[in-house]
Amino acid sequence: MFVSECLTVNQQDHLQISSCDTVALAQEYGTPLYVMSGDQIRQNCRMFCRSMEKFYAGKGMVLYASKAFSCKEIYRIMREEGMGLDVVSGGELYTALSVGFPAEKIYFHGNNKTPDELTYAIRSNVGRIVVDNLTELETLSALSVAEGKTAQILFRIKPGIDAHTHDFIRTGQIDSKFGLALENGEAFEAVKAAQTYPNISLTGLHCHIGSQIFDIEPFCHAAEVMIDFLGKIKAELGLELPELNLGGGFGIKYLSDHDPTPYDQYMEQVSAAVKSSCEKNHIAQPFILIEPGRSIVGAAGITLYTVGGVKEIKGIRTYVSVDGGMADNPRYALYNAPYEALIANKATQPKNLIATIAGKCCESGDLIQEHTAIQQTNPGDILAVLSTGAYNYSMSSNYNRIPRPAVVLAEEGKSRVIVRRETYEDLIKNDL
Ligand code: LLP
């Protein structure tokens with residue numbers, strides 16, 4: 001009935017997440033409130049890990065792309081689930097290390113890591129640094145020499161794949177700020193160059209074609225292109241790179257009629273493409289990495305708001321205003337992202353109001369969704385927006401000096417705060 005298995009309805013007709021009554025959660029912790037299902041997150045991790053085991057005979061690792069949702073507790077969960085990590089900034093790295101996440105399972109990404117971030121990554125002994133370009137290679141080599149360490153690197157490659165997704169979240173094509181292109185030979189030149197830099201050990205390649213992708217075909221195509229490139233490197237340079245990171249990007253269900261292909265089907269088909277491409281190129285199957293972010297946490301999270309004013313503009317539209325908005329979820333404003341919402345205290349009543357859900361920021365574009373069906377609503381109702389677990393808290397801001405909401409983890413009928421609500425004091429703590 002809902003976009004995620006962790007959502008149910010109880011006898012009071014209240015929406016539940018991981019068997020916790022969302023109306024009670026709103027009362028206990030206040031709104032706006034992010035709620036994440038710990039059960040669902042763990043289940044998603046296990047599904048990916050099992051698939052990795054099944055289709056790559058354990059010759060691979062699942063990295064959680066932590067830009068989707070980053071805080072101490074999620075890194076603890078990932079550590080417990082045996083996952084590796086993709087981090088993309090010194091801040092994500094710091095947060096992961098602060099809870100004892102094993103550094104050797106951390107892959108450090110980013111198209112413009114600063115020298116400070118690179119030094120921090122080297123000193124922390126992260127497993128791999130994913131190098132974006134030749135300038136970074138040069139800097140990293142010099143810093144590694146200075147630190148007396150050798151950096152194990154992958155190169156970020158643009159495989160030239162044009163995946164069908166929103167322009168801002170598409171990354172595999174040549175016109176992208178990320179990585180080295182194959183078409184114009186710059187990727188091959190970089191592989192050659194890596195052999196000449198001191199304290200650099202090139203262990204493999206990485207690609208990521210975009211995000212919220214439903215088709216399997218572009219993933220298979222990307223794997224083939226990357227393995228052909230590994231074949232060329234072997235044939236022309238006599239170098240057999242042992243690792244291939246195929247990135248993340250698997251689409252999730254935001255709306256009930258979204259129908260993402262089950263992820264183990266993706267794993268099965270991509271692994272078949274990997275095997276046949278390796279045979280064709282006469283190379284041993286490399287160690288495979290994938291980097292799901294959204295598909296681990298996205299549908300496991302919801303946001304609860306309290307309904308304030310309901311403004312019906314006759315013949316035009318009805319605005320239902322909530323006590324949050326673009327500061328806690330900028331995705332509609334940024335990408336026109338679709339979301340499903342419902343009144344959590346009337347969960348199975350018919351959705352016969354077509355509403356525009358508006359936030360409280362001083363900005364007309366501060367909308368969570370337009371023309372969406374929800375139940376008839378009154379001030380004080382709890383509105384739940386579904387599938388907000390990815391790229392909501394992690395993209396939140398203090399625009400209009402609005403404190404960030406708390407994040408609550410719901411697990412098997414129990415709930416606890418994992419990120420506390422910001423206070424007004426927090427808002428001024430860096431002001432001088
Ligand atoms: N690996 C790399 C190198 C990435 O750049 C990303 C996402 C991922 C993995 C994880 O992708 P996922 O499995 O979550 O699709 N803010 C946008 C999404 C930006 C994605 C950035 N990179 C949004 O809200 O849709």
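Ligands are counted one by one from 1 in listed order, and the atoms in each one are counted from 1 as well. On a predicted model such as this, the values are computed, not experimentally measured, just so you know.
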Per-atom contacts of ligand 1 with [X], taking only distances under 4.0 Å to non-hydrogen atoms:
| X | value |
| --- | --- |
| Arg156 | 3 (C) |
| His206 | 3 (C) |
| Ala65 | 8 (C), 9 (C), 10 (C) |
| Gly248 | 9 (C), 13 (O) |
| Pro292 | 13 (O) |
| Glu291 | 1 (N), 2 (C), 3 (C), 8 (C), 9 (C), 10 (C), 13 (O) |
| Met395 | 16 (N), 24 (O) |

Separation between CD of Glu117 and CD1 of Ile122, rounded to the nearest 0.5 Å: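 One gets 12.0 Å once the value is rounded to the nearest 0.5 Å.
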
- prompt: Looking at CG of Leu25 and OH of Tyr34, how far apart are the two atoms once the value is rounded to the nearest 0.5 Å?
  reply: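 Leu25 CG to Tyr34 OH: 16.0 Å, rounded to 0.5 Å.
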
Polar proximity ligand 1 side, [X] side, N/O cut 3.5 Å exclusive:
| X | answer |
| --- | --- |
| Gly293 | yes |
| Arg331 | yes |
| His109 | no |

Please check if atom [atom1] in [X] has more than 12 non-hydrogen atoms from other residues, nucleotides or ligands closer than 6.0 Å.
| X | atom1 | answer |
| --- | --- | --- |
| Lys59 | NZ | yes |
| Glu5 | CD | no |
| Lys67 | NZ | yes |
| Lys149 | NZ | yes |

message: Contact between ligand 1 and Ser295 is defined here as a heavy atom of the residue under 4.0 Å from a ligand atom; is it met?
response: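 Under 4.0 Å: no for Ser295.
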
Of the backbone atoms (N, CA, C, O) and the side-chain heavy atoms from C-beta on, which set of [X] has a member under 4.0 Å from an atom of ligand 1: side chain, backbone, both, or neither?
| X | result |
| --- | --- |
| Asp86 | side chain |
| Arg294 | both |
| Ala68 | neither |
| Tyr335 | side chain |

- prompt: side-chain contact (heavy atoms from CB on, under 4.5 Å) with Arg128: which of Leu289, Leu63, Thr203?
  reply: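 Only match with Arg128 under side-chain contact (heavy atoms from CB on, under 4.5 Å): Thr203.
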
- prompt: What do the steps show when you test Glu243 against His206 for side chain to side chain donor-acceptor pair (under 3.5 Å), and what is the final call?
  reply: CA-CA 8 Å; Glu243 269 186 41; His206 168 272; over 6 Å; no

- request: Kindly give the heavy-atom pair with the smallest separation between Phe219 and Val270, and that separation in Å.
  value: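 What the structure gives for the nearest pair is CB-CG2, 3.8 Å.
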
query: Parallel under 30°, tilted from 30 to 60°, perpendicular over 60°: which one fits the rings of Tyr75 and Phe101?
result: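 Because their plane-to-plane angle is over 60°, the rings of Tyr75 and Phe101 count as perpendicular.
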
